[in-house]
J.: 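This is the structure I want to talk about, given as structure tokens.
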Amino acid sequence: MAELVFKNLVKQYGTNTVVQDFNLTIHDKEFIVLVGPSGCGKTTTLRMVAGLEEITAGEMYINGRLVNDVESKDRDIAMVFQSYALYPHMSVFENMAFGLELRKFPKPEIERRVSEAAEILCIDHLLQRKPKELSGGQRQRVALGRAIVREPQVFLMDEPLSNLDANLRVQMRAEIAKLRHRLQATVVYVTHDQTEAMTMGDRIVVMKDGYIQQVDTPMKLYNEPANLFVAKFIGSPAMNFITVRLLDEAGGLRLSAPGVVLPVPTAHRARLLPYVGKDVIIGIRPDAIHDEAGFLAAHREWCVDVRIDVVEPMGSESYIYFSLNGENIVARVPPASLARVMTAHCLTFDMGKAHYFDPETQQTIAGAV
């Protein structure tokens, strides 16, 4: 397989810069996910890897070979697109074999590769069908099979599951994850869905406005976001945010806002001292807000009385929605919670798991310990 190295990569369309100062090393056999909102530059980056977009500035290497000016067909990569891009008049076998036929592979080799890929993807019984006879999931498998038969150095996947319904997306996520381990392939995967990114990637590249915001493992991104954007983007439901004033009182540092007074844990004190008398943004995950009697008894100083707006029972858990200092907040609690709509309820914030952000730079000041 292959290692990819990007050095100061830039992509411009006229005066519009869509990818800026992109620096990254993708290791051999790594599954890396580019994630971010629409227009952040992730698909453009993938298309530069594929050779479908010219690089404006910077350098890109595949296995140590500079490929800036190398034709797409000579890069030894295979791409799976958002649209399946299957030929409707061809059978499944013919769709999967087409690229190999163009490259003049011997017929026995084509049959071997197609047969092996079809078996891996469990579509060997569909080889004589046309695309119109297939379900969305089966068509996606054919598109994957067309890439697999190439036996490329790198697989590129551009939001391959976005056209599938929710249940099929979950199934295909697992299928691609299993397939990746079976093929021992280097994969660059683009998505706007942070759940896909969290469940599939060895590392995740979070992008915004053409810049890399943070590169790390899924759990490091979740537990140690570098800035407010990453904290907002990673996690479902998303992290809650409240702007508070940091005060130094006789009892220690406190975070204060209308209806909220929360003592700062000792472990966070040193990092927050420069912000005394200033506003900071606290971020807290929904699962770090509790209403169990045991947690409340142990941490009464972090209790906040709120009025419940909505309760969503989800089976194994419930989501509680309420407002605090003008912000909409969600808590993830056990299904046995006694919270009821339009009633007062005591919730306890686990401030040991809180994150703190500078309102001006939006960079992380301190994080969960």
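One-based numbering along the sequence shown.
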J.: For a side-chain contact (heavy atoms from CB on, under 4.5 Å) check, start with the C-alpha distance between Asp202 and His27, then their side-chain angles and the critical distance, and finish with the verdict.
T.: CA-CA 10 Å; Asp202 294 326; His27 306 298; over 6 Å; no
J.: From Glu53 CD over to Tyr13 OH, what is the distance, rounded to the nearest 0.5 angstrom?
T.: 3.0 Å
J.: Just by distance, with hydrogens left out, do Glu94 and Tyr87 show a side-chain donor and acceptor under 3.5 Å apart?
T.: no
J.: Give, for atom CD of Glu301 and atom CZ of Phe349, the distance between the pair rounded to the nearest 0.5 Å.
T.: 13.5 Å
J.: To the nearest 0.5 Å, tell me how far His345 NE2 sits from Arg307 CZ.
T.: 13.5 Å
J.: Just by distance, with hydrogens left out, do Gln194 and Tyr222 show a side-chain donor and acceptor under 3.5 Å apart?
T.: no
J.: Could you pull out every donor-acceptor pair under 3.5 Å between side chains of residues 169-178 and any protein atom, sequence neighbours left out?
T.:
| unit_1 | atom_1 | unit_2 | atom_2 | d |
| --- | --- | --- | --- | --- |
| Arg169 | NH1 | Leu164 | O | 2.9 |
| Arg173 | NE | Thr199 | OG1 | 3.3 |

J.: Taking only residues two or more places apart in sequence, or in another chain, which ones meet Phe93 in a ring pair (Phe, Tyr, Trp, His ring centres under 6.0 Å)?
T.: none
J.: Do Lys208's NZ or CZ and the ring of Tyr211 fall within the cation-pi criteria of under 6.0 Å and 45°?
T.: no
J.: Let me know which of Ile282, Ile284, Leu262 forms a side-chain contact (heavy atoms from CB on, under 4.5 Å) with Ile242.
T.: Ile282
J.: So Glu109 and Leu100, side-chain contact (heavy atoms from CB on, under 4.5 Å) or not? Walk me through it.
T.: CA-CA 9 Å; Glu109 177 67 8; Leu100 301 180; over 6 Å; no
J.: Given Phe6, which of Asn23, Val49, Thr25, Asp21 fulfils the side-chain contact (heavy atoms from CB on, under 4.5 Å) condition?
T.: Val49
J.: Crowded around Glu119 CD? As in, over 12 foreign heavy atoms under 6.0 Å?
T.: no
J.: Using a strict cut-off of less than 4.0 Å between a Lys/Arg side-chain nitrogen and an Asp/Glu carboxylate oxygen, indicate whether Arg112 and Glu151 qualify as a salt bridge.
T.: yes
J.: Taking Thr56 for the side chain and Gln12 for the main chain, is one N or O donor matched with an acceptor at less than 3.5 Å?
T.: yes
J.: Cut-off 3.5 Å, side chains only: do Asp279 and Thr243 have a donor facing an acceptor?
T.: no
J.: Does CD belonging to Glu111 count more than 12 external heavy atoms closer than 6.0 Å?
T.: yes
J.: How many angstroms lie between NZ in Lys42 and OG1 in Thr191, if you round to the nearest 0.5 Å?
T.: 7.5 Å
J.: When you compare the side chains of Gln213 and Asn227, does any donor N or O come within less than 3.5 Å of an acceptor on the partner?
T.: yes
